[in-house]
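These values consider heavy atoms only, across backbone and side chains, with no hydrogens, waters or symmetry-generated copies. Protein chains get the first letters and strands the later ones, always in sequence-line order, with residue 1 at the start of each.
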Protein chains: 2
Amino acid sequence: MPGQRSITQAEKLAEAKLGGIPVRHEQMAVVANIYRAASAVRQHLENSVLRGADLTWTAFVVLWVVWVWGESETRHVAEEAGISKGTLTGVSRTLEKRGLIKRAGHPTDGRLVLLSLTEEGEELMRRVFPAFNEEEAFVTARLDDEDCRTVADGLRRVVLQVEEHGEERRLTLLDGAPPAPRRSGRRAQG
Amino acid sequence: MPGQRSITQAEKLAEAKLGGIPVRHEQMAVVANIYRAASAVRQHLENSVLRGADLTWTAFVVLWVVWVWGESETRHVAEEAGISKGTLTGVSRTLEKRGLIKRAGHPTDGRLVLLSLTEEGEELMRRVFPAFNEEEAFVTARLDDEDCRTVADGLRRVVLQVEEHGEERRLTLLDGAPPAPRRSGRRAQG
DNA sequence: TCCGTACAATTTGGGTGCGAACGACATCTG
DNA sequence: CAGATGTCGTTCGCACCCAAATTGTACGGA
């Protein structure tokens, strides 16, 4: 199996490259495998259930959030779906065009936009989610329920660590230095 | 902490939505948290060490692969980096423009292209990787070495399950039906 | 009423991200 | 050595994706 072997091998090669500087192997393996697993799972779900419903991963996540939470403000949906508000604007417009989502202004605060599923959207989710959950079970088939709880808990700790101390950590690292603007993306005006 | 609570709550809401159809909670939690963790880790690393070096996540992964494995054929790099060949073409061209990567034809097989780091690229990685690994340790700070091994092993099983049985599973699910082309992407010619 | 601050979604710009289509090349087959 | 077949990297079209800039709304005080 190339997956595991290549990771181990890559770690050794990396250490050789660094010539004596110690590498935190276990931590590196966690991060590397989080990303590998995320890609593999996403790929599988897109190819098995989502493509048949003509949904991308992101579109499904957005639908799922709105479905489960009911009518919600866009900023909360973006937060929960793990995408930026700017991205959500585009995605929700696409879903609106397909008749799966409704967009409505907030009754009292004109700045807010509320998202909710149309009846067609509800129907789609009632049909697609069980299949989606079935594939979630497939990809985790080599873990029993106890293993799943352990892994999920470990991942939750990673998320919490970043959520609670990430900002502070970044400030410490940069140590007052300017936040280094992204090279890509919109440029500052003159 | 909103993270964990909202997931649990979302699961209950989802079950209520489904009205009696059982949901595989543990498996759902694993998939949801894999994706959350992947986003959180990527975000943190981009904002802490990569932006300072003017690298995106993907660009760094590509550089890392080439750095560790040495001069490599593009298809292997794409495979190892977890991106498609088409994406790699764009990323490697960007890196070439910045003088971090060299592209060379294969001596005997004219179809192949070999990627390798320039001296500037090597220098960058010697500087950036230790900082990167330091942040990998930061995001996993709430896990001890043993926990890390457990989580990494669990994730490896997910990856292996998909790699070894994903294709077969998809065929079973679609059961001979046409593979349902992606809605986005290049259209077939007349 | 006018102003300024605050905060909301949206637009914009650069860079991925995928899979289908494509053209160049290698290799098999006769 | 010509054609068929397969494999490579590249091109293409569309959808994301983020963060900065922008636009629009709310609401406080002067």
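Looking at residues two or more places apart in sequence or on another chain, you find a side-chain contact (heavy atoms from CB on, under 4.5 Å) between A:Ser39 and A:Tyr35. The side-chain contact (heavy atoms from CB on, under 4.5 Å) check on B:Thr94 picks up nothing, with sequence neighbours excluded. Every residue two or more places apart in sequence or in another chain that forms a side-chain contact (heavy atoms from CB on, under 4.5 Å) with B:Arg93 is listed here: B:Thr89, B:Glu96. Partners of A:His165 according to the side-chain contact (heavy atoms from CB on, under 4.5 Å) rule, which considers only residues two or more places apart in sequence or in another chain, are A:Gln161, A:Glu168, B:Phe138, B:Arg142.
One finds no side-chain N or O of A:Arg93 lying less than 4.0 angstrom from the OP1 or OP2 phosphate oxygen of C:dA9. Regarding contacts with the backbone of D:dC17, every side-chain N or O of B:Gln43 stays at 4.0 angstrom or more from both OP1 and OP2. The phosphate of D:dC18 has neither OP1 nor OP2 within less than 4.0 Å of any side-chain N or O from B:Asn47. Checking the phosphate oxygens (OP1, OP2) of D:dC17, no side-chain nitrogen or oxygen of A:Thr87 falls inside 4.0 Å. Contact between the side-chain N/O atoms of B:Thr89 and the OP1/OP2 oxygens of D:dG9 is not found at any separation under 4.0 Å.
Taking the six-membered ring for Trp and thresholds of 30 and 60 degrees, B:Phe132 and B:Phe60 have nearly parallel ring planes, at less than 30 degrees apart.
Using a 4.0 Å heavy-atom criterion, one finds that B:Thr56 contacts the sugar-phosphate atoms exclusively.
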Expected rows: protein N/O vs nucleotides 24-27 of chain C N/O, under 3.5 Å:
unit_1 : atom_1 : unit_2   : atom_2 : d
C:dA26 : OP1    : B:Thr108 : O      : 3.4
C:dA26 : OP1    : B:Gly110 : N      : 3.1

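Ranked by how close their nearest DNA chain D nucleotide is to the 5' end, A:Ala59 and B:Arg75 are led by B:Arg75. Comparing B:Leu88 and A:Trp57 by the nucleotide of DNA chain D that holds the closest heavy atom to each, the one mapping nearer the 5' end is B:Leu88.
For residues 109-120 of chain A, the pairs satisfying side chain to side chain donor-acceptor pair (under 3.5 Å) are A:Asp109-A:Arg111, A:Glu119-A:Arg126, with sequence neighbours left out.
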